[in-house]
Amino acid sequence: MAKLQPVRGTHDLLSDDIRRHQHIIEQFRRIAERYTYTQIDTPIFEFTEVFNRTLGETTDVVTKEMYTFDDRSGDSLTLRPEFTAGIARAFISNGLSQNLPLKLYAYGPMFRHERPQKGRQRQFHQLDVEILGVAEPQADIEVIALGAQLLDTLGLAGKVTLELNTLGDSESRIAYRDVLVDYFNDSRDRLSEEAQERLERNPLRILDSKDKRDREVVAGAPAMSDYLNEASADFFASVRTGLDQLGIAYQLNEQLVRGFDYYTHTAFEFTTELLGAQSAVLAGGRYDGLIGTMGGPATPGIGWGSGIERLAMLIDEPPAVDRPVVIVPVGDRAAKEGLTLLQELRHAGISADMGAKGNVGKRMKQANKANARYVVLMGDDELDAGVVTLRDLDGGEQQQVARGDLMAALSGGDAA
RNA sequence: GUGGCUGUAGCUCAGUUGGUUAGAGCGUCGGAUUGUGAUUCCGAAGGUCGCGGGUUCGACCCCCGUCAGCCACCCCA
């Protein structure tokens, strides 16, 4: 390590980047609150058990991507690679089953030890939404509608496509799985090595393989939709009807499979073509069995996660920030008075600053660099006359304003 | 974990077949201008050429290793 550099796959968030992130989080919070979700925050690390039991022992995230370490007490801990397992754990730990249904939102950093690439880092940030305790398709519809509105608000409506599928309930899934395994076994030698391995552990994942050989075999595979039992088929039909009713467009994708084992029924992904190989921008699904398998009371759940970095890359321009008023004092008397004025402006809700040193020329330069809209110039002349000089940096014109009228001039219409 | 491409100033990049003291633009700082910015002019600072080793009289340049970035595979948000 020659220079002091950040850990691989981590990133400092500076100026434009952090503003994009904050903007996304603000919009997310606003919309989630409007849908009457309440915020939850869980620790960024959990006992390793929480993740490797729930995500599926054989998923790649668990087997090779988790930041797992023993702490000083000898407990095996893991930096969270996703939100849902931690929230489910919190649900059980806090006995939240007394308060169903629960509608929760959260955001924060996630950690996965992957090879960095476009739209993928080792520490990244996610938005997350969960509904616990609603078995009806209305929850699926709502959660997707929330995601759609968020993407729309961020200006991404034309850049993403909603893909939708159902994995059915566990009965349907097992039935389908058996048929699928039989089918793949018949064509085993035509599958890629990875797919052949997956056949043992997680055959559904073969459906979304990108390997050309696999794709050919998958093209002739039996379809999930033919193996749904009546309840699962009805459930999915209700979800679709609801989305249609709300005018939310989607594409059915029978090859859409979720990465973690806990998913059932509805699976969805908002995808984009603009981020290279990382197409999923907001993705989730239903996980009715999760909390039960973790040892909690059987509780249905559905939710999604969305990568803030990926959203940030799709946003055109970071939102504008308030342009400050900059005070430029001339002389010690004015500098002292400027301190008071600065406080008045800030207390009045106006973004304001005053440099600590430099002559007028330098201070003007700094004001310009700070993207100030107005400069308040004050020296002995102004102090004696009880006025300030207000200069508009865009137009270049300036005027004398009575000190008592300054606040009104800046916050009111005539100056701004 | 695998593969491809790339590492030269704060940023974007030049740098001849291996040959003195590594350059430019932007940015930064200072001055022209101690009460007026963004335009203009003058000047300055800023580099272990990612790091380590090797070849050579001599390496930014060639070779090996390593670290990092980007992209793809895998996987996923």
Side-chain angles (χ1 to χ4, degrees), chain A residues 1-11 14 24 55-56 58-66 81-84 107-129 147 160 192-195 197-198 202 205 208-212 214 257-260 269-272 275-284 303-314 326 328-331 334 355 357-382 389-398:
Chain A
M1 178 167 57
K3 288 181 185 174
L4 226 36
Q5 52 191 196
V7 173
R8 183 169 209 192
T10 67
H11 224 260
L14 309 171
I24 289 163
L55 302 186
T58 57
T59 57
D60 281 14
V61 168
V62 169
T63 55
K64 52 188 202 196
E65 292 178 4
M66 295 203 306
E82 60 106 40
F83 251 126
T84 306
Y107 58 89
M110 302 290 149
F111 307 86
R112 291 182 199 170
H113 189 103
E114 300 178 276
R115 193 81 170 257
Q117 114 187 42
K118 188 180 182 71
R120 171 193 299 168
Q121 295 176 261
R122 291 185 173 181
Q123 176 174 342
F124 62 105
H125 300 80
Q126 273 191 352
L127 310 173
D128 184 86
V129 144
V160 297
S192 66
E193 291 79 44
E194 292 83 12
E197 269 178 51
R198 238 180 260 158
N202 199 343
R205 299 310 318 276
D208 67 355
S209 169
K210 287 182 196 167
D211 190 285
K212 209 176 149 196
D214 297 339
V257 185
R258 307 274 58 236
F260 301 135
E269 255 177 40
F270 285 88
T271 60
T272 180
L275 293 182
Q278 265 58 245
S279 57
V281 169
L282 186 155
W304 52 252
S306 180
I308 297 180
E309 282 81 358
R310 291 185 186 177
L311 293 173
M313 283 190 291
L314 293 174
V326 170
V328 174
V330 184
K357 62 175 182 182
N359 59 32
V360 174
K362 273 193 218 327
R363 286 170 181 269
M364 290 295 293
K365 250 179 213 173
Q366 281 161 5
N368 195 62
K369 209 187 308 172
N371 194 30
R373 177 67 202 276
Y374 295 104
V375 158
V376 173
L377 273 154
M378 49 197 282
D380 288 341
D381 295 348
E382 283 89 346
T389 298
L390 183 61
R391 182 177 178 85
D392 181 340
L393 289 187
D394 284 355
E397 65 274 2
Q398 60 187 42

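Keep in mind the model is a prediction, meaning the values are calculated, not measured. In the text below, chain A, chain B and the rest are named by the order of the sequence lines, each starting its count at 1.
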Practice task
Taking only the side-chain heavy atoms of A:Arg112 (C-beta and beyond), determine which of B:A77, B:A72, B:G35 contains the nearest atom.
Solution key: B:A77
Practice task
Whenever both distances are under 3.5 Å in a Watson-Crick or G-U wobble pair, mark it; put RNA chain B into dot-bracket that way, with [ ] for crossing pairs and | when the partner is on another strand.
Solution key: (((((((..((((.....[...)))).(((((.......))))).....(((((..]....))))))))))))....
Practice task
Select base, sugar-phosphate, or nothing to describe what A:Gly276 touches, counting heavy atoms under 4.0 Å on all strands.
Solution key: sugar-phosphate
Exercise for the section: Look at all strands and tell whether A:Asp380 reaches a base, only sugar-phosphate, or nothing, counting heavy atoms closer than 4.0 Å. Expected result: base
Fill in the blank from the handout: Taking B:G1, B:C74, B:C76 as options, the one with an atom nearest any side-chain atom of A:Arg120 is B:C74
Practice task
Check every strand shown and say whether A:Ala367 touches a base, only sugar-phosphate, or nothing at a heavy-atom separation below 4.0 Å.
Solution key: nothing
Exercise for the section: Could you check whether A:Val330 gets within reach of a base, just the sugar-phosphate, or nothing at all, counting any heavy atom under 4.0 Å? Expected result: base
Problem - Options B:C71, B:G37, B:A77, nucleotide nearest the side-chain atoms of A:Gln117 - result: B:C71
Fill in the blank from the handout: Contacts of A:Asn359 and A:Ala280 projected onto RNA chain B by closest heavy atom; the upstream (5') one is A:Asn359
Exercise for the section: Taking atom C1' in both B:U16 and B:A22, compute the distance separating them and give it to the nearest angstrom. Expected result: 14 Å
Practice task
Using a cut-off of strictly less than 4.0 Å, decide whether A:Lys362 has a side-chain nitrogen or oxygen near OP1 or OP2 of B:C29.
Solution key: no
Practice task
Provide the closest heavy-atom pair for A:Gln126 versus A:Phe83 in the form atom of the first, atom of the second, distance.
Solution key: O-CE1, 3.8 Å
Practice task
Please determine, for the side chain of A:Gln398, which listed nucleotide (B:U36, B:G69, B:G37) has the closest atom?
Solution key: B:U36
Handout entry: Distance between P atoms of B:G50 and B:C60 (Å, rounded)
Key = 10 Å
Exercise for the section: Return the nearest nucleotide to the side chain of A:Lys64; candidates are B:G35, B:C74, B:A77. Expected result: B:C74
Exercise for the section: Using the P atom as the reference point in each nucleotide, state the distance between B:G15 and B:C73 in Å, no decimals. Expected result: 32 Å
Fill in the blank from the handout: Picking from B:C76, B:G35, B:G30, the nucleotide nearest the side-chain atoms of A:Glu382 would be B:G35
Exercise for the section: Looking only at side-chain atoms of A:Arg8, point me to the closest of B:A77, B:A68, B:U36. Expected result: B:A68
Handout entry: Distance, P atom - from B:C62 to B:C71, rounded to whole angstrom
Key = 25 Å
Problem - Electrostatic pair A:Arg120:A:Glu114 at N-O distance under 4.0 angstrom - result: yes
Exercise for the section: Kindly indicate whether the side chain of A:Arg363 and the base of B:G37 share any N or O donor-acceptor pair separated by less than 3.5 Å? Expected result: no
Exercise for the section: Identify whether any heavy atom of A:Gly9 sits under 4.0 Å from a base atom; if not, whether one sits that close to sugar-phosphate; answer base, sugar-phosphate or nothing. Expected result: sugar-phosphate
Completion exercise
Side-chain atoms of A:Leu377 come closest, of B:C71, B:G35, B:C76, to B:G35
Handout entry: Nearest-angstrom distance, P atom, B:G58 to B:G3
Key = 34 Å
Exercise for the section: Between B:A38, B:G69, B:G35, spot the one nearest the side chain of A:Thr389, thanks. Expected result: B:G35
Handout entry: Under-4.0 Å side-chain N/O to phosphate OP1/OP2 contact, A:Lys369 with B:C29
Key = yes
Practice task
Look at the side chain of A:Arg115 and decide which nucleotide, out of B:G3, B:A38, B:G35, has an atom nearest to it.
Solution key: B:G3
Exercise for the section: Considering only atom P, compute the distance from B:U28 to B:U39 and round it to an integer number of Å. Expected result: 10 Å
Problem - Nearest-nucleotide comparison on RNA chain B, the residue closer to the 5′ end among A:Arg391 and A:Arg310 - result: A:Arg391
Handout entry: Atom C1', compared across B:C76 and B:C64: separation rounded to whole Å
Key = 36 Å
Practice task
Looking at every strand, decide which applies to A:Gly396 at a 4.0 Å heavy-atom threshold: base, sugar-phosphate, or nothing.
Solution key: base
Handout entry: Closest non-hydrogen atom pair, A:Ala334 against A:Gly379
Key = CB-CA, 4.1 Å
Exercise for the section: Taking atom C1' in both B:C61 and B:U17, compute the distance separating them and give it to the nearest angstrom. Expected result: 11 Å
